[in-house]
There are 2 protein chains.
Amino acid sequence: MRIAEFDREKVLRSAMTSFMDKGYGKTSMQDLKRATGLHPGSIYCAFENKRGLLLAALGQYREDRNTEFTGIFSGQRPVLVELKAYLDNIVLECQSCDVSRSCLLTKALNEVAEQDEEVRGIITLYLANWQQAITQVLQNAIDQKEITSDRNADVRAHYLMMGIYGLRTFAHTHPEGNTIKQLAEQLYEDVCR
Amino acid sequence: MRIAEFDREKVLRSAMTSFMDKGYGKTSMQDLKRATGLHPGSIYCAFENKRGLLLAALGQYREDRNTEFTGIFSGQRPVLVELKAYLDNIVLECQSCDVSRSCLLTKALNEVAEQDEEVRGIITLYLANWQQAITQVLQNAIDQKEITSDRNADVRAHYLMMGIYGLRTFAHTHPEGNTIKQLAEQLYEDVCR
DNA sequence: TGCTTATTTGAATGATCATTCAAGAACTAT
DNA sequence: ATAGTTCTTGAATGATCATTCAAATAAGCA
């Protein structure tokens, strides 16, 4: 026996940012070698494929986003306060210099999903999980009477997700100023109205 | 002298859909040869490059979207009626079977813009033109007292664009049902509120 | 009709890429 | 310590790709 030397999470996060920066297709194995510090053979030994590395990176991305999500929505504050903090976080992300590192899921969905049934299925599943989590948050807000039940949690969650997707794309062309912040604030109001 | 035999617009529209279907990077010259009917040499003679063909296709896309836009916002009906028709059109586009053929501009922005300063500049310019046109529409609606001047046209245009971006991405994972239509309706209300 | 100029054709080129593989290195267990 | 297993290394492989080029073709002009 012999234990693998590399830190799996570190490697996957390096691959993640490579895929987000250059896209899956334009990230060559040489790029991945440089980013992860792993030689081609090791990558193939550990992940079978460049595609396998993408799948593993997607899984890691999901996990990272999950812990971030449950960290913010810990239930220690009113739901709407937590939701506002969540949106603030996304705004900061959009305003950071690396706008292109928006969301590996949507980026991969745009790039490879149309050609790869399995990848699309996985990404769709992850996004559906995210949507479910957001729906639960909004349902909590309704249960706590923080927002009305005029529109149900599902409809509100759909709208919020649409808004977040849109924010990220919009940020690509408007990284400057506080336009993003204003948009996020109106989005918050319209979701909670 | 000798006149080029091919129909430039037809060729560019074929290239457009190829780029939208597979992405710029994964569209090979063989794909483009099949799609456009032009042999490699002719493509290089007419557009200098694969990249040149992309630039030309982006230009054609802009023109096509422009005529579509001015066709809908002809000023013959109340502005808000025209705006609703415009959104209905986008909804139909999102619900059509080829969801991936969403918008060449945003697709290219995601894929190549981070690597190619010039392409990003051109796409950003086109999108800015679009935003300007939408702002003008909303300003007209304000001038005609169809909506209040509580929020100015710029802010409303930003929000509408964010919503449209988001709708398109959302449609990738929810092509079915009339979720998209509901979202578009709330977006319309929130922009005009 | 012939001459010039431009386009079309499609095989050839050279680069880049993902992937493989055989040899070397390191860890565990006996 | 030694055998056995697994990981690492990095050059080799074969495929694919954008691009080039020289020959062939056609259109405008004299």
Check: A/His158/B/Gln186 side-chain N/O donor and acceptor closer than 3.5 Å: no
How is B/Ser28 classified with respect to the nucleic acid when contacts are heavy atoms under 4.0 Å: base, sugar-phosphate, or nothing? sugar-phosphate
Rounded to whole angstroms, how far apart are [atom1] on [X] and [atom2] on [N]?
X       : N      : atom1 : atom2 : answer
B/Ile3  : C/dA6  : CD1   : P     : 11 Å
A/Lys26 : C/dT16 : NZ    : C1'   : 14 Å
A/Arg34 : C/dT16 : CZ    : P     : 13 Å
B/Tyr44 : C/dT9  : OH    : C1'   : 15 Å
B/Leu32 : D/dT19 : CG    : P     : 11 Å
B/Ile43 : D/dA18 : CD1   : C1'   : 11 Å
A/Phe6  : C/dC27 : CZ    : P     : 15 Å
B/His39 : D/dT25 : NE2   : P     : 13 Å

Nearest-nucleotide 5' precedence on DNA chain C, A/Glu48 against A/Asp31: A/Asp31
5'-most by nearest nucleotide on DNA chain C - B/Gly41 or A/Ser42: B/Gly41
Under 30°, 30 to 60°, or over 60°: which ring-plane class applies to B/Phe73 and B/Tyr86, parallel, tilted or perpendicular? tilted
What is the ring orientation for A/Phe6 with A/Phe47, classed by angle as parallel under 30°, tilted 30 to 60°, or perpendicular over 60°? tilted
When you measure from the centre of the six-membered ring of A/Tyr188, is the NZ or CZ of A/Lys84 under 6.0 Å away and within 45° of the axis? yes
Position toward the 5' end of DNA chain D (nearest nucleotide), A/Cys45 or A/Pro40: A/Cys45
Candidate nucleotides C/dT19, C/dT7, D/dT19, ranked by approach to the side chain of A/Asn49 - the nearest: C/dT19
